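All values below come from the heavy atoms of this structure, side chains included, with hydrogens, waters and symmetry mates left out. Note that the coordinates shown come from a computational prediction; the quantities given were computed from them, not determined experimentally. Labels below follow one simple rule: chain letters A, B, ... track the order of the sequence lines, proteins then strands, and each chain is numbered from 1.
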There are 2 protein chains.
Amino acid sequence: MSIETHETRVKILDAALHLLQSDNPGATRMADIARQAGISRQAVYLHYKTRAELLIAATLHLDHISNTEQRLEASRSANTGLERLDRYIDAWGNYIPVIYPVATALMAMQKTDTAAASAWNDRMQAMRHGCAAAVKALSDDKQLTPHYTNRQATDLLWTLLSVSNWEQLTLLCKWSQKTYISHIKSVARNTLVV
Amino acid sequence: MSIETHETRVKILDAALHLLQSDNPGATRMADIARQAGISRQAVYLHYKTRAELLIAATLHLDHISNTEQRLEASRSANTGLERLDRYIDAWGNYIPVIYPVATALMAMQKTDTAAASAWNDRMQAMRHGCAAAVKALSDDKQLTPHYTNRQATDLLWTLLSVSNWEQLTLLCKWSQKTYISHIKSVARNTLVV
DNA sequence: AGTTTCTATTGACATGACGTCAAGTAAAAC
DNA sequence: GTTTTACTTGACGTCATGTCAATAGAAACT
């Protein structure tokens, strides 16, 4: 029985996600989350000692209810390096909009809160492993450009697929999600594939 | 006589930049800036009504003392589109480390402070104009790939050259500034040039 | 049934940062 | 010699996080 199955905890996490996904995510305070969850502000602290801890739990909860593992399964079962690259971009690129609200909140705390910083860092390192696997698959297929080392190619793909880039291209440049995915795929190919 | 030539204002802005460039930039409070400038905390507010206003003034001050205009002059005087692209990446890419500390502070305020958000947005739009000019120069030379519209090519270059990407590649991936510049140039070429 | 434990409640309080206000001072400008 | 300007000190208001103490009800154990 995971810690997140406790009824009140689920209520808290759902409330937090709901508010972070609303029109004014920046104004999501502990008191708002408590009110939304239907409990007292102090009760939230009985379950999560700090705001950072709550937000971290919210991302894990979101992973859980969004079948993150399943999304990434498709890329792992690809037959060629190129296919793996495309599928990874599909999986991760389409997951970004889902985690974006809570990711933003967590990233905003990075400067002040080391727990939040390392939690977000862990997630990004996990994502980087997916990039490294795609690069390795390309390399095994002799499809990786010799222009960069495997390490550098991974760094580039990792950076290309960053949340910030998604934010800039879709929210600021008004690209549709579909355009984002297809163009990122083409940039990745042009950058990494011979 | 510009507003930044006032002796005390210069002291305040220099103090702010000094602290933001120190080992713990996140902990730069108004009181710290005042102490560093050698004046009382309240005196800072005589010159800058809010923290956001101070940070915005600090970026302009930094532009001023870093000869930003001169840096960008080189790219404008290029003869070919390719040359212009390379020189623009040199100019902006090497300016990022200079503005990074204050940029980080300003970006961190974006969520809560609309003045900070729009100030940073203005700067980024100005940078985007440089990208658009480079893309147009490529297009005029028939060197721009037909894969994207001019607008989309500008969006991509703009995103590629973002502060976040610089941060990720140099600070997280430990690329040297030199590697960053040369690899970004190669990605830009592979992405945008026929 | 009685006691302990768990969860939650209310209300008060500490902390830290931004920003404001009022009263006073010292030097420059008129 | 008076006014203006820039600054000082010290107190105060606000807002959000996080803490603490006293209380209450319900489930769980003996």
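- Per the geometry, OH belonging to B:Y45 stands 16 Å off P belonging to D:dT9, to the nearest Å.
- Without hydrogens or angle criteria, B:D113 side chain to B:M109 main chain gives no donor-acceptor distance under 3.5 Å.
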Show me the donor-acceptor pairs within less than 3.5 Å that the side chains of residues 153-161 of chain A make with the rest of the protein, sequence neighbours left out.
| unit_1 | atom_1 | unit_2 | atom_2 | d |
| --- | --- | --- | --- | --- |
| A:T154 | OG1 | A:N150 | O | 2.9 |
| A:D155 | OD1 | A:R128 | NH2 | 2.1 |
| A:D155 | OD2 | B:W175 | NE1 | 2.8 |
| A:W158 | NE1 | A:M124 | O | 3.1 |
| A:T159 | OG1 | A:D155 | O | 2.8 |

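- When the C1' atom of C:dT7 is taken as reference, atom NZ of A:K11 falls 11 Å away, rounded to whole Å.
- A straight line from CD of B:E7 to C1' of C:dA28 spans 14 Å, rounded to a whole angstrom.
- Residue pairs that meet the salt bridge (charged side-chain N to carboxylate O under 4.0 Å, His left out) test with at least one member in residues 64-77 of chain B, sequence neighbours left out, are B:E69-B:R76, B:E73-B:R76.
- For residues 114-124 of chain A, the pairs satisfying side chain to side chain donor-acceptor pair (under 3.5 Å) are A:D63-A:R123, with sequence neighbours left out.
- Between A:H47 and C:dA8, a side-chain N or O to OP1/OP2 separation shorter than 4.0 Å is present.
- When the C1' atom of D:dA16 is taken as reference, atom CE of A:M109 falls 11 Å away, rounded to whole Å.
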Return a table of donor-acceptor pairs under 3.5 angstrom between the side chains of residues 187-194 of chain B and protein atoms on other chains or two or more places apart.
| unit_1 | atom_1 | unit_2 | atom_2 | d |
| --- | --- | --- | --- | --- |
| B:R189 | NH2 | B:D86 | OD2 | 3.0 |
| B:N190 | ND2 | B:S186 | O | 3.2 |
| B:T191 | OG1 | B:V187 | O | 2.7 |

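- Shown for residues 28-43 of chain B: residues whose heavy atoms fall under 4.0 angstrom of DNA chain C, namely B:R29, B:M30, B:R41, B:Q42.
- Distance, A:Y48 OH to D:dT19 P: 16 Å, rounded to whole Å.
- Protein atom CG of B:L46 is 12 Å distant from nucleotide atom C1' of C:dC21, rounded to whole Å.
- Summarising the geometry, the separation between NZ on A:K49 and C1' on D:dC20 is reported as 16 Å, rounded to the nearest angstrom.
- Within the structure, every pair that satisfies the salt bridge (charged side-chain N to carboxylate O under 4.0 Å, His left out) test and touches residues 18-29 of chain B, not counting sequence neighbours, is listed here: B:R29-B:D32.
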